[in-house]
2 protein chains.
Amino acid sequence: MKNDNHPLTEEHKALSEALIGVLDTRFLKALCDPTRIEILKKIISIGVSDVSTIARGLSQDRSVISRHLAQLEQAGITVSRKDGRRVLYDLDGPYIVEKVTKILNTLHPMADLCRPFEGWDGAATLESQRS
Amino acid sequence: MKNDNHPLTEEHKALSEALIGVLDTRFLKALCDPTRIEILKKIISIGVSDVSTIARGLSQDRSVISRHLAQLEQAGITVSRKDGRRVLYDLDGPYIVEKVTKILNTLHPMADLCRPFEGWDGAATLESQRS
DNA sequence: CGTATATGTGCACACATATGCACATAAGTC
DNA sequence: GACTTATGTGCATATGTGTGCACATATACG
């Protein structure tokens, strides 16, 4: 995007200010760790399970898995329910999809408004092609 | 999602295995830091700019901003171009939107397949409502 | 009631990351 | 060529994070 003859529109301003509201760091950080991704895969594969079942097969200690599950729950990615001495965990698929959908909807104007170096040099741009 | 009478379908398996391929940690991590988000906001607001211009107004040192820009470029979020002694940076909006779109498309089946504790207790589920 | 199992937490430690300062390199200006 | 400006990097440091062990708590079982 060029900044000399292309005035910054209100859409740019709105997009800029919407970033911080939609980029939930707690949600995104929860999806960055490979162990937590393994946990999500496991829950998807075997369904609702307790901590020990989820930890079975994974290389980390069970207490570590417990901490990761707490972190995923803080992010809204998993939900827990007490069942006797066990604690069952499950994914909150609708919430995850809703969250990512909101992110995409917010960032979507970037596809048009933020084309890299649009109209910056002699490359073929819409303007140069028209003239 | 229940795991006793509801057999795990092939869709669950496919969704589980697709997770690691689409959850690009380098891309997601780049969006987690508040300083990097500020940088993105700045580039959106003022368009293509060099490092010093981007760093102006931000509290961090200019070298720190330089490092963050390198990290954002590694993630594909920004693109750089040399211009004399300056280095110009710009957002790659289309790539960002494409990346998030791919994530959403992959996770979208979760909205149906991973409803939390579906059919687990006496709550009103589709099955109990039908009987 | 004593025992076994499941879960979460305090603590220590290794590693990653963000930050700032000093400096080297590259490129424009006089 | 000397000087100035722009950028990136080496180094040190503070903070955050993932990990494992030991242990406390809660609950089921006999």
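Computed from a predicted model, the values in this text were never measured in an experiment. Computation of the quantities below employed the complete heavy-atom set of this structure, encompassing side-chain atoms and omitting hydrogens, waters and symmetry-equivalent molecules. Just so we're on the same page: letters track the sequence lines, and every chain starts at 1.
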Below the 4.0 Å mark, does [N] have OP1 or OP2 next to a side-chain nitrogen or oxygen of [X]?
| X | N | value |
| --- | --- | --- |
| Gln71(B) | dT17(C) | no |
| Ser52(B) | dT7(D) | yes |
| Tyr89(A) | dA6(C) | no |

In whole angstrom, give the distance that lies between atom [atom1] of [X] and atom [atom2] of [N].
| X | N | atom1 | atom2 | value |
| --- | --- | --- | --- | --- |
| Ile39(A) | dT19(D) | CD1 | P | 9 Å |
| Ile65(B) | dT9(D) | CD1 | P | 15 Å |
| Lys82(A) | dG8(C) | NZ | C1' | 10 Å |
| Glu38(B) | dT19(C) | CD | C1' | 16 Å |
| Arg26(B) | dA16(C) | CZ | C1' | 16 Å |
| Gln60(A) | dC21(D) | CD | C1' | 15 Å |
| Arg67(A) | dC13(C) | CZ | P | 15 Å |
| Asp61(B) | dT7(D) | CG | P | 13 Å |

Quiz item: Does one hydrophobic cluster hold both Leu19(A) and Leu31(B), with members joined at side-chain heavy-atom distances below 4.5 Å?
Solution: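 In one cluster: yes.
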Starting the side chain at C-beta, find the nucleotide from [options] nearest to [X].
| X | options | answer |
| --- | --- | --- |
| His68(B) | dA18(C), dT7(C), dG8(D) | dA18(C) |
| Arg62(B) | dG8(D), dT9(C), dG20(C) | dG8(D) |
| Asp33(A) | dT27(D), dG8(C), dT19(D) | dT19(D) |
| Arg85(B) | dT19(C), dC21(C), dT5(D) | dT5(D) |
| Thr35(A) | dT7(C), dT7(D), dT19(D) | dT19(D) |

Touch class at under 4.0 angstrom, heavy-atom based, for [X] against every strand present:
| X | value |
| --- | --- |
| Thr53(B) | nothing |
| Val64(B) | base |
| Ser63(A) | base |

Exercise. Please check if any side-chain donor atom of Glu73(A) sits under 3.5 Å from a side-chain acceptor atom of Ser80(A), or the reverse.
Key: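 A donor-acceptor contact under 3.5 Å links the two side chains.
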Practice problem: Specify the residue among Lys29(A) and Asp83(A) whose closest nucleotide of DNA chain D lies further upstream toward the 5′ end. | Solution: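 Per heavy-atom nearest nucleotide, the more 5' residue is Lys29(A).
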Self-check item: Step-by-step side chain to side chain contact (heavy atoms under 4.5 Å, CB included) determination, Asp92(A) to Ile77(A)
Solution: CA-CA 6 Å; Asp92(A) 193 343; Ile77(A) 297 175; over 6 Å; no
Quiz item: What do the steps show when you test Val22(A) against Leu104(A) for side chain to side chain contact (heavy atoms under 4.5 Å, CB included), and what is the final call?
Solution: CA-CA 9 Å; Val22(A) 75; Leu104(A) 179 59; over 6 Å; no
Quiz item: Do Cys114(B) and Asp90(A) have side-chain heavy atoms sitting under 4.5 Å apart?
Solution: no
Self-check item: Ile39(B) and Leu69(B), any side-chain heavy atoms less than 4.5 Å apart
Solution: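 Yes, close enough: below the 4.5 Å cut-off.
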Quiz item: Can you find an N or O donor on one side and an acceptor on the other, under 3.5 Å apart, linking the side chain of Arg86(B) with the base of dG28(C)?
Solution: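 No, no donor-acceptor pair under 3.5 Å.
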